[in-house]
Engineer: 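Submitted below is the structure of interest, expressed as structure tokens.
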Amino acid sequence: QVQLVESGGGSVQPGGSLRLSCAAYGDTYSVAYMGWFRQAPGKEREGVAATYDGERSTYYADSVKGRFTISRDIAKVYLQMNILEPEDTAMYYCAAAPTRERWFGSPQNNNWGRGTQVTVSS
């Protein structure tokens, strides 16, 4: 009953920018805390950024602080990615949970988008 619809992935040169978007449809309670994981081949999945509506309890991975900005519009979440690096190359997944605790602690129960590929290369 919850669907996450993503857009904005693509290919960009180092130093470039992309904006990812994710819209949630259905039970908004179950997507109160929304954000982005990413996973590259041979790498573990990692949380990138997430937030409640109103940019409350915002989380950023250390590797993206100062470069990425997450924002919310109720049932939509955006990730503005600036100064992109090759190390940012990954499949990015929108994910949502009722709380921040569950978003981190039980990702198997998250609502998940289908993923959008971000590739940063010269």
Side-chain angles (χ1 to χ4, degrees):
Q1 291 187 316
V2 175
Q3 185 181 18
L4 303 180
V5 180
E6 304 168 345
S7 63
S11 297
V12 67
Q13 293 183 328
S17 298
L18 289 171
R19 190 178 80 151
L20 306 183
S21 300
C22 177
Y25 300 90
D27 182 3
T28 57
Y29 168 80
S30 66
V31 297
Y33 199 72
M34 295 180 64
W36 301 86
F37 289 86
R38 67 184 181 187
Q39 188 166 26
K43 304 286 188 179
E44 293 186 350
R45 181 184 61 197
E46 63 174 339
V48 178
T51 186
Y52 286 112
D53 191 25
E55 287 71 51
R56 294 176 289 113
S57 297
T58 300
Y59 165 80
Y60 292 100
D62 288 342
S63 60
V64 307
K65 286 181 178 178
R67 300 188 297 118
F68 291 11
T69 303
I70 194 165
S71 59
R72 281 286 293 275
D73 182 11
I74 309 178
K76 295 182 179 180
V77 64
Y78 307 91
L79 187 67
Q80 179 66 46
M81 305 185 294
N82 297 325
I83 320 176
L84 283 160
E85 304 169 350
E87 292 75 18
D88 296 315
T89 296
M91 185 71 74
Y92 284 69
Y93 297 92
C94 183
T99 68
R100 173 172 174 154
E101 181 180 50
R102 293 184 183 178
W103 195 86
F104 284 102
S106 56
Q108 69 275 15
N109 295 321
N110 290 348
N111 293 287
W112 290 94
R114 64 187 181 276
T116 184
Q117 179 68 39
V118 172
T119 301
V120 185
S121 63
S122 299

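Worth saying up front: this structure is predicted, and the values here are computed from it rather than measured. Along the sequence shown, the residues carry numbers beginning at 1.
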Engineer: Looking only at heavy atoms, which two atoms of Ala40 and Ala90 are closest? And how far apart?
Structural biologist: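 Residues Ala40 and Ala90, closest heavy atoms: N-CB, 4.0 Å.
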
Engineer: Please round to the nearest 0.5 Å and tell me the distance separating atom CG of Asn110 and atom OG of Ser30.
Structural biologist: 10.0 Å

Engineer: To which residues is Val5 joined in a hydrophobic cluster, defined by side-chain heavy-atom contacts under 4.5 Å among Ile, Leu, Val, Met, Phe, Trp and Tyr, whether direct or through other members?
Structural biologist: Tyr25

Engineer: Restricting to pairs with a member in residues 36-109, which pass disulfide bond (SG atoms under 2.5 Å apart), not counting sequence neighbours?
Structural biologist: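 Checked against disulfide bond (SG atoms under 2.5 Å apart) - neighbours excluded - the pairs reaching residues 36-109 are Cys22-Cys94.
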
Engineer: Taking Asp27 for its side chain and Tyr29 for its backbone only, find out whether a donor-acceptor pair lies under 3.5 Å.
Structural biologist: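 Looks like yes, one N/O pair under 3.5 Å.
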
Engineer: Once side-chain contact (heavy atoms from CB on, under 4.5 Å) is applied, do any residues pair with Thr119, and if so which ones, sequence neighbours excluded?
Structural biologist: Ser11, Thr89, Gln117, Ser121

Engineer: Under the disulfide bond (SG atoms under 2.5 Å apart) definition, can you give me all pairs with a residue in residues 36-89, not counting sequence neighbours?
Structural biologist: none

Engineer: With sequence neighbours left out, write down each residue that passes salt bridge (Lys or Arg N to Asp or Glu O under 4.0 Å) with Asp62, or none if nothing qualifies.
Structural biologist: Lys65

Engineer: Kindly list each side-chain donor-acceptor pair under 3.5 angstrom involving residues 96-107, sequence neighbours excluded, with atom names and distances?
Structural biologist:
from, atom 1, to, atom 2, distance (Å)
Thr99, OG1, Arg102, N, 3.1
Arg100, NH1, Ser57, O, 2.8
Trp103, NE1, Ala95, O, 3.0
Ser106, OG, Arg102, O, 3.2

Engineer: Do other residues, nucleotides or ligands put more than 12 heavy atoms under 6.0 Å from Gln108 CD?
Structural biologist: yes

Engineer: Suppose we screen for side-chain hydrogen bond (donor to acceptor under 3.5 Å, both in side chains). Which residues come up paired with Arg45, at least two apart in sequence or across chains?
Structural biologist: none

Engineer: Looking at residues at least two apart in the chain, or sitting in another chain, which of them share a side-chain hydrogen bond (donor to acceptor under 3.5 Å, both in side chains) with Ser63?
Structural biologist: Arg38

Engineer: Please name all residues satisfying side-chain hydrogen bond (donor to acceptor under 3.5 Å, both in side chains) with Asn82, sequence neighbours left out, ordered by chain then number.
Structural biologist: Ser17, Gln80

Engineer: Linking Ile, Leu, Val, Met, Phe, Trp and Tyr by side-chain heavy atoms under 4.5 Å, what else ends up with Tyr92?
Structural biologist: Val2, Leu4, Val12, Leu18, Leu20, Val31, Met34, Trp36, Val48, Tyr60, Val64, Phe68, Ile70, Val77, Leu79, Met81, Leu84, Val118, Val120

Engineer: Hey, would you say the Tyr93 and Phe37 ring centroids sit under 6.0 Å apart?
Structural biologist: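 Distance test on ring centres: not under 6.0 Å, no.
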
Engineer: For Glu87, check salt bridge (Lys or Arg N to Asp or Glu O under 4.0 Å) against everything at least two apart and list the hits.
Structural biologist: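 Glu87 satisfies salt bridge (Lys or Arg N to Asp or Glu O under 4.0 Å) with no residue once adjacent residues are dropped.
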
Engineer: Kindly write out the residues that satisfy side-chain contact (heavy atoms from CB on, under 4.5 Å) with Tyr78, not counting sequence neighbours, or none if the list is empty.
Structural biologist: Arg19, Ser21, Ser71, Asp73, Lys76

